[in-house]
Chemist: 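I am attaching a structure below and will ask some questions about it afterwards.
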Amino acid sequence: MRITTWNVNSVRQRLEHLLLFLREEAPDVLCLQELKTTDDLFPRGEIEAVGYSCAVHGQKGFNGVAILSKRPLEDVRRGLPGADDDEQSRYIEGVISVDAGVVRVASIYLPNGNPVDSAKYPYKLAWMGRLARHARDLLALEEPLVLAGDYNVIPEPRDAADPAAWEGDALYLPQTRAEFRTLLALGFTDALRACDEAAGRYTFWDYQAGAWQRNKGIRIDHLLLSPEAADRLAGTTIHKHMRGLEKPSDHVPVSVRLEM
DNA sequence: ATGACTGGCCCTGCCAGA
């Protein structure tokens, strides 16, 4: 089965690209981030019409995550445990039954954290701590699990065209990268890196300064696999062509293929 | 060398993104 993550930067602005992607690539599961809309304005009907069910955790104006699936979604959770007062919609999780058993999938929109001298950076670090605690609990289930999303983390220098330009930025600070390594060390596999060690595998190019034309990208959209999912890893794809469309998202979809 | 965009909302400059 194929599972894809994509920060669409407004699902309503990107609806035609989204439907194009679902028709042409037809992943089994698509995790979306930055819906920038509420549940009632989510384009559920158009998406169901091309064969997907939707679990949505929206928010007015900002954030918002969803999971689209060809098969029914069960056990849907909205928001991370331990943050009942957090009004930002950045996490949704569900379970999909397949012939070989079940796969649990989360759509994650990790906080950006800039500017680093504001409350936004401590919020990012606290959020990463909550994610790690929940991820540890999910690993104990010993089932195929994919934590897919926009992590707003540049893991290593090879994940940026110009690493020096990101020094001091919330996406690349040593503490940010250390928190990401702590998450991985719980037992996750970075799917893209397990398949491709090359530098220059980017998933985001800023709208400004001709970043796309000059290939000044970064890799911040990741698919983390539990051991049971990593055992089934068959390949990854960065759908780079989506950045070249008219009025694109600044992120492109990233897919993992699991043998199941 | 410098600056450079896009989307949503309070409908119009401002916040947010990365």
Side-chain angles (χ1 to χ4, degrees), chain A residues 5-19 31-43 46 56-66 86-91 107-128 131 148-177 179-180 192 200-222 238 240 242-254:
Chain A
T5 182
W6 188 20
N7 178 323
V8 288
N9 187 18
S10 170
V11 70
R12 299 171 74 200
Q13 286 293 322
R14 221 64 60 203
L15 182 58
E16 290 311 310
H17 289 190
L18 172 60
L19 296 175
C31 298
L32 298 176
Q33 302 90 34
E34 273 212 273
L35 305 178
K36 292 188 171 181
T37 193
T38 46
D39 294 13
D40 55 316
L41 294 176
F42 184 85
E46 292 90 333
V56 183
H57 186 32
Q59 182 181 338
K60 187 179 176 71
F62 307 103
N63 307 322
V65 288
D86 189 344
E87 295 180 355
Q88 301 194 29
S89 298
R90 296 179 173 275
Y91 185 91
S107 181
I108 290 165
Y109 180 41
L110 208 147
N112 174 302
N114 284 306
V116 296
D117 59 356
S118 73
K120 293 185 176 184
Y121 191 59
Y123 174 72
K124 176 177 192 161
L125 294 177
W127 206 95
M128 293 181 86
L131 176 61
D150 174 1
Y151 280 74
N152 273 312
V153 176
I154 303 168
E156 298 180 71
R158 62 179 167 166
D159 296 314
D162 183 7
W166 294 94
E167 280 178 18
D169 190 284
L171 278 63
Y172 192 60
L173 278 180
Q175 197 173 352
T176 304
R177 295 165 58 197
E179 288 288 339
F180 186 71
L192 189 283
R201 300 307 191 218
Y202 307 135
T203 66
F204 169 90
W205 295 259
D206 200 288
Y207 289 123
Q208 299 190 61
W212 167 245
Q213 290 76 8
R214 297 159 56 194
N215 196 28
K216 294 279 189 184
I218 51 177
R219 188 175 76 96
I220 56 175
D221 299 274
H222 308 301
I238 299 174
K240 192 172 177 179
M242 297 295 289
R243 188 64 177 77
L245 299 180
E246 198 78 17
K247 301 285 279 180
S249 171
D250 39 9
H251 298 249
V252 297
V254 185

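In what follows, chains are A, B, ... by sequence order, proteins preceding strands, each numbered from 1.
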Chemist: Taking only the C1' atom of each, what is the distance from dT6(B) to dT12(B) in whole angstrom?
Modeler: 16 Å
Chemist: Select base, sugar-phosphate, or nothing to describe what K120(A) touches, counting heavy atoms under 4.0 Å on all strands.
Modeler: sugar-phosphate
Chemist: Can you tell me which nucleotide in dA18(B), dA16(B), dG8(B) comes closest to the side chain of L171(A)?
Modeler: dA18(B)
Chemist: In whole Å, what separates the C1' atom of dG3(B) from that of dC9(B)?
Modeler: 27 Å
Chemist: Starting at OH of Y202(A) and ending at C1' of dA18(B), how long is that distance when rounded to a whole Å?
Modeler: 15 Å
Chemist: So, does K247(A) get its side chain near the phosphate of dG7(B), meaning an N or O under 4.0 Å from OP1 or OP2?
Modeler: yes
Chemist: I want to verify a distance call: between dA18(B), dG8(B), dG17(B), whose nearest atom is closest to the Y207(A) side chain?
Modeler: dG17(B)
Chemist: Does R12(A) or G210(A) map to a spot on DNA chain B nearer the 5' end, using the closest nucleotide for each?
Modeler: G210(A)
Chemist: Does the side chain of N9(A) get closer than 4.0 angstrom to OP1 or OP2 of dG7(B) through an N or O atom?
Modeler: no
Chemist: Taking the C1' atom of each, how far is dA4(B) from dG17(B), in whole Å?
Modeler: 16 Å
Chemist: Mind checking the P distance from dA18(B) to dG8(B)? Whole angstroms is fine.
Modeler: 14 Å
Chemist: Can you tell me, in whole Å, how much space there is between the P of dC5(B) and that of dC11(B)?
Modeler: 26 Å
Chemist: Choosing from dG8(B), dA4(B), dA18(B), which nucleotide comes nearest the side chain of K36(A)?
Modeler: dG8(B)
Chemist: Whole Å only: how far is the CZ atom of R214(A) from the P atom of dA1(B)?
Modeler: 12 Å
Chemist: If I take atom CG in residue D206(A) and atom C1' in nucleotide dG7(B), what distance separates them, rounded to the nearest angstrom?
Modeler: 13 Å
Chemist: Would you say the side chain of D159(A) lies within less than 4.5 Å of the side chain of Y172(A), judging by non-hydrogen atoms?
Modeler: no
Chemist: With a non-hydrogen cut-off below 4.0 angstrom, is D221(A) in contact with a base, only sugar-phosphate, or nothing?
Modeler: nothing
Chemist: What I'd like to find out is whether the side chain of D206(A) reaches to under 4.5 Å of the side chain of K216(A), using heavy atoms alone.
Modeler: no
Chemist: Between R90(A) and dG17(B), is there a side-chain N or O to OP1/OP2 distance below 4.0 Å?
Modeler: yes
Chemist: Considering just the side-chain nitrogens and oxygens of R14(A), establish if one lies under 4.0 Å of OP1 or OP2 belonging to dG7(B).
Modeler: yes
Chemist: How would you label the contact of Y109(A) with the nucleic acid (heavy atoms, under 4.0 Å): base, sugar-phosphate, or nothing?
Modeler: sugar-phosphate
Chemist: Considering just the side-chain nitrogens and oxygens of S10(A), establish if one lies under 4.0 Å of OP1 or OP2 belonging to dT6(B).
Modeler: no
Chemist: dG3(B), OP1 or OP2 - any side-chain N/O from Q208(A) closer than 4.0 Å?
Modeler: no
Chemist: Mind calculating the distance between CD (Q59(A)) and C1' (dC15(B)) to the nearest angstrom?
Modeler: 14 Å
Chemist: Using whole Å, what does the distance between atom C1' of nucleotide dG17(B) and atom OH of Y151(A) come to?
Modeler: 19 Å
Chemist: Report the residue (P111(A) or V11(A)) whose heavy-atom-nearest nucleotide on DNA chain B is the more 5′ of the two.
Modeler: V11(A)
Chemist: If I take atom CD in residue Q13(A) and atom P in nucleotide dA16(B), what distance separates them, rounded to the nearest angstrom?
Modeler: 20 Å
Chemist: With distance as the sole criterion, do the side chain of N112(A) and the base of dA18(B) form a donor-acceptor contact below 3.5 Å?
Modeler: yes
Chemist: Tell me which nucleotide among dT6(B), dA16(B), dA4(B) gets nearest to the side chain of F62(A).
Modeler: dA16(B)
Chemist: Minimum heavy-atom separation for H222(A) and Y151(A), please, with both atom names.
Modeler: O-CE1, 3.5 Å
Chemist: Is it true that atom CD of E87(A) has more than 12 heavy atoms of other residues, nucleotides or ligands lying nearer than 6.0 Å?
Modeler: no
Chemist: Rounded to whole angstrom units, what separation is found between the NZ atom of K124(A) and the P atom of dA16(B)?
Modeler: 16 Å
Chemist: Under a 3.5 Å distance rule, please check whether W212(A) uses its side chain to pair with a backbone N or O of Y207(A) as donor and acceptor.
Modeler: no
Chemist: Given 3.5 Å as the limit, does a donor-acceptor pair link the side chain of Y121(A) with the main chain of A170(A), or not?
Modeler: no
Chemist: What's the gap between dG7(B) and dT2(B) when it is taken at their P atoms, as a whole Å value?
Modeler: 28 Å
Chemist: OP1 or OP2 of dG17(B) less than 4.0 angstrom from a side-chain nitrogen or oxygen of H251(A), does that happen here?
Modeler: no
Chemist: Hey, does L125(A) have a side-chain heavy atom less than 4.5 Å from the side chain of E179(A)?
Modeler: yes
Chemist: Rounded to the nearest Å, what distance is computed from the CG atom of residue N152(A) to the P atom of nucleotide dA18(B)?
Modeler: 4 Å
